[in-house]
Amino acid sequence: MAKKIKQIAIYGKGGIGKSTTTSNLTAALSRQGYKVMQFGCDPKADSTNTLRDGSYIPTVLDTLREKGSVNAHDVIFEGFNGIYCVEAGGPAPGVGCAGRGIITAVELFKQQKVFDELDIDFVIYDVLGDVVCGGFAMPIREGIAKHVFTVSSGDFMSIYASNNLFKGIKKYSNSGGALLGGIIANSINQGYSREIVDDFAERTKTRIIQYVPRSITVTQSELKGKTTIEAAPDSEQAKVYTQLAERIAAHEESEVPNPLELDELRAWAATWSDRLLQLETGVVVGGAQAGI
Amino acid sequence: MGECLERPRAACSLGGALVTLANLPDVVPIIHTSGGCGGNLSAAIAFGAGYLGDGYCNGRASPTTAVSETEVVFGGTDRLTEQIRATLELMDGKLYVVATGCMTEMIGDDVGGVVGEFRDGGAPILAVSTPSFKGDSYHGYDIVLDGIFNKYLPRAERKNPKLVNLFGLVPGYDPFFRGDLAEVKRLLAGLGLTANTFFTPDQTFANITSAPGAALNIVLSRVWGVETARNFEEKHGTPFWVTDLPIGPEATDAFLKEAAERFGLDAGESIESGNREFYGYFARGADLFCDGDLKRYAVTVTNSTYALPLSRYLSAELGWVVTDSFVTDKLTDAQQEALADGAFPIQFLTGTQEIARALKNNHPDGRGQRYFDDISPLYIAGSTLEKRTAAARGANYLGVSFPLYDRIVTDRGYAGYRGGLHLFEDLIGQIMSVKS
Ligand SMILES: Nc1ncnc2c1ncn2[C@@H]1O[C@H](COP(=O)(O)OP(=O)(O)OP(=O)(O)O)[C@@H](O)[C@H]1O
Ligand SMILES: [Mg+2]
């Protein structure tokens, strides 16, 4: 009996920690005994670096450019603990169509039925920043991925990007597209940033699947070219990622999100800006009382 | 919901660009888009415009980059460079024009950059941007002419005071463009003026290069070619005159009079000899026309260029009652206003079914009552698409507009005195063709 492959896409604003979180997630899932593939959908092609000691792998599109056709097996590279690593890649900056490139790469894997052959449990797509064009919505469309998670911090721009993603998910939700699994709240240390993401999740009727603190362990591991799971398996941070992996493995039901309209989002952000201002003023008062 | 495209009366702007290029002497197109565009667009014209066919290194023999997935993802400029190099080597031309399609415009290929390099190397080449989302074939005509005349050709050192350029008739989409241009050229020659038609077989590349020296541009359409002429005036300082294509003696008299006035000439002799010729023939046909009771209600279905001239001819020269003039090319509000003419009820409709329905609504049929049919006997002058509509109403029909595939057109034209006679022949000939 063919087992059911769980395909998951991770989106979020540029630089928010998608690749770091995704790599730690795949590493943790792999540690838990699952067969996992990480599929980088970003022309930068750096998604799987920390799974392979910081090294870059040839991309699907590089191979296509050179050979004219691609056998999927030629662009799958083994990473930490037997994780299958793939990078879609893309054209040179300012040339061609990166969105179409992602579509080409993802379709190629779909057509060649590689996932069944490799007996994979999880495919995790690490997709670049905003959903700027149809190409970057590819993993959401047509149910290629079943569940989408967004990585977001408490920063407004990151929440804005998540909200855009929700719009994209909602758009395709009637035609068999992926649904929203929830938010991975990343770099959450300050109390108020957690409150902000919580509030946003509540407004958009979604949930936080894990709070990932900002941690120097992540940086240290990254400098060694490794995930935290590999480099510091016993650290507190590794526990957070392991718990994230457990939750995602257990996750079954995703939902249609409820994105805010642009003016709603702005109004919502404005109320937070007022609250933060009060907080700041409070700190100043506190400082004065302390005799600073 | 998108609009339903049914039996279209124009292709995309690339289609218009290609048919324009195909009919310019010594100009070779290089199509930069996905495979299939060139062939399909050329076939539409080769068969759909009075069997216009293809020319040397044109139509279905056009060089094309035929880009596919690889170029879409990685960019198509390398492929374009390769194709330009091969075309310059293998195909004889005096000017090469790269025309883009949707695909390469969507991915944002730097076509200007590639072409610029060849140009720096001394090749006679330019690029025009003609994706479908920039408009239909009529726009493609203007984009190509604007590219060649206003972007590529340098200003003339001196003007030729007796030279005019003719613009406004779109090859193929005006199926009689060659005959019409030839007649207008002949009429102007009668005044002592030389006309560049660009698109008739007598033209060479020298006509294109001489164009910037013209003293006047005559635009034979209220819509198409106007933009080209406006930019032409800006670059080359040549003024332009927008006028209707003259069909039949009344319109031609007026045309010659105004043309002569603009050059300080006298049209008297031209008008007199033109009328003598026209009526010398027409008078003989008038016996049949009157005795045969060949009065008709008339409906025209044409593009904006032909609508008014044709309606006016039917009404002024034949005394027919034009009940509906359908204009089938897609126009902006301003362009529609340019056609406003109290004399004829113009309706802007493109779909064949819509036109048939409008006709039915405007003139419900008689339901068997003898005096109820308000427009009978009826004559429909339109495209071949109107043939069935005409048959269904028992109307006479003559194909005069695109798509035209129930007759072959070579040097036939309806402009001027001679064209007026031809139109008379063809219209009445259709009525008489039932005889055996
Ligand atoms: N929880 C964290 N603690 C510490 N550093 C983090 C954390 N999450 C991400 N970072 C750091 O932030 C930087 C950006 O992360 P990453 O490359 O994963 O982001 P990304 O969203 O994939 O970016 P891009 O959009 O460019 O692909 C990296 O240097 C990473 O180590
Ligand atoms: Mg990344």
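Below, read A as the first sequence line, B as the second, and so on, with proteins coming before strands; counting in each chain starts at 1.
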Minimum heavy-atom distance between A:C97 and B:I107, given as atom pair plus value
CB-CG2, 3.7 Å

Spatial distance of atom CD (B:E69) from atom OG (A:S69) [nearest 0.5 Å]:
12.5 Å

Does any non-hydrogen side-chain atom of A:R100 lie less than 4.5 Å from one of B:M106?
no

Check the surroundings of atom CD in B:E234: do more than 12 heavy atoms from other residues, nucleotides or ligands lie under 6.0 Å from it?
no

Verify the neighbour count for atom CZ of A:R266: are there more than 12 heavy atoms of other residues, nucleotides or ligands below 6.0 Å?
no

Heavy atoms of other groups near B:E117 CD, more than 12 under 6.0 Å:
no

Between A:L61 and B:F74, is a side-chain contact (heavy atoms from CB on, under 4.5 Å) present by the stated rule, with each step listed?
CA-CA 9 Å; A:L61 293 179; B:F74 300 114; 3.5 Å; yes

A:K171 NZ: over 12 foreign heavy atoms closer than 6.0 Å
no

